[in-house]
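Inspection log for the structure reproduced underneath, given as C-alpha cells.
Each residue takes its place number in the sequence, starting with 1.
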Amino acid sequence: MDNHFWKVKVDNLSKIFFKSQLPVALYGVVLLLAAIAYFTLTRTLIFHHGQGSTLANALGRDFKGKLSVLIYAVTIPLAFATPWLAYALYVLVAVLWLIPDRRIEKTLNS
C-alpha cells in the first residue's frame, strides 16, 4: 500500500479537526444545549419535589452542572481563536463527569 495515501489522509484530517473553527464551535453549541437541558431538568425536578426533597439534598449546589454550562459557553467563542484549546476544555468537562459523584448514593443510604 502506498504510504503517501495515508499521509495525505492524516494531513487532511488534522486540518479538518484541529484547524477548522466552525465545526469546533458548533460542537460546543450542541454540548452547551445538552448541558442546559440537564440543568433545566434538575431544576424542574427539584421544583416539583421541593427544596427539602431527597433529590434536592443529593444534588446540593450542582457544581458540575453549573461548571459544565459555563465552560461550554466560554469554549464557543474560544473555538474561533484556538480550536485546540476548546477541544481540551471539552475533554476536561468529560473527565469531570467521569469522576464518580457519590452524592445521590450517600443521600439515599443515609
Side-chain angles (χ1 to χ4, degrees):
M1 211 174 264
D2 187 14
N3 286 336
H4 178 69
F5 172 78
W6 292 108
K7 185 176 189 287
V8 169
K9 288 289 185 192
V10 170
D11 288 344
N12 287 341
L13 286 176
S14 68
K15 287 177 187 173
I16 291 170
F17 288 113
F18 295 110
K19 296 179 183 172
S20 298
Q21 296 93 357
L22 186 59
V24 179
L26 290 177
Y27 183 61
V29 169
V30 170
L31 292 173
L32 176 64
L33 292 174
I36 291 171
Y38 169 80
F39 182 77
T40 305
L41 175 66
T42 58
R43 295 296 116 197
T44 303
L45 287 171
I46 290 171
F47 178 77
H48 178 72
H49 292 285
Q51 290 294 332
S53 68
T54 305
L55 179 64
N57 292 331
L59 286 175
R61 295 183 308 140
D62 193 23
F63 177 73
K64 287 195 317 188
K66 292 175 184 174
L67 183 63
S68 298
V69 172
L70 177 68
I71 290 175
Y72 291 147
V74 167
T75 56
I76 295 168
L78 181 66
F80 291 104
T82 52
W84 64 269
L85 186 57
Y87 275 130
L89 290 173
Y90 297 153
V91 170
L92 173 73
V93 173
V95 168
L96 179 72
W97 282 98
L98 284 175
I99 298 169
D101 191 356
R102 308 270 188 233
R103 294 177 299 176
I104 295 174
E105 186 178 339
K106 284 181 185 177
T107 303
L108 290 176
N109 288 335
S110 62

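- Rounding to the nearest 0.5 Å gives a distance of 10.0 Å between CG of Leu32 and CG of Leu70.
- Following chains of ILVMFWY side-chain contacts shorter than 4.5 Å, one can reach Leu92 starting from Leu78, so the two form part of one hydrophobic cluster.
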(request) Mind running side chain to side chain contact (heavy atoms under 4.5 Å, CB included) on Ile71 and Val74 for me, showing each step along the way? (result) CA-CA 5 Å; Ile71 290 175; Val74 167; 5.7 Å; no
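- Taking both residues in full, the closest heavy atoms of Lys66 and Phe39 are given as CG-CE1, 3.8 Å, listed atom of the first, atom of the second, then distance.
- Atoms CD1 and CG, from Ile76 and Leu89 in turn, are 12.0 Å apart once rounded to the nearest 0.5 Å.
- Every side-chain contact (heavy atoms from CB on, under 4.5 Å) that Leu26 has, sequence neighbours left out, goes to Leu22.
- Atom CG of residue Leu59 and atom CZ of residue Arg43 lie 6.5 Å apart, to the nearest 0.5 angstrom.
- Between Leu96 and Ser68 the shortest heavy-atom distance is CD2-OG, 4.5 Å.
- Think of Val95 as one node in a network of Ile, Leu, Val, Met, Phe, Trp and Tyr side chains linked at under 4.5 Å; its network also takes in Val91.
- Considering every non-hydrogen atom in both Ala86 and Val24, the closest pair reads CB-CG1, 3.7 Å.
- In terms of heavy atoms, Ala56 sits closest to Gly50 at CB-O, 3.7 Å.
- Of all heavy-atom pairs between Ala35 and Tyr72, the closest is CB-CD1, 3.7 Å.
- Hydrophobic clustering (side-chain heavy atoms under 4.5 Å, transitive across Ile, Leu, Val, Met, Phe, Trp, Tyr) keeps Phe80 apart from Trp84.
- Sparse packing is recorded around CZ of Phe47, with 12 or fewer heavy atoms of other residues, nucleotides or ligands lying under 6.0 Å away.
- Side-chain contact check for Asp62 versus Tyr38: some heavy-atom pair is nearer than 4.5 Å.
- Across Gln51 and Ile46, no two heavy atoms sit closer than the pair NE2-CG2, 3.7 Å.
- With sequence neighbours left out, Tyr27 forms a side-chain contact (heavy atoms from CB on, under 4.5 Å) with Leu31, Tyr90.
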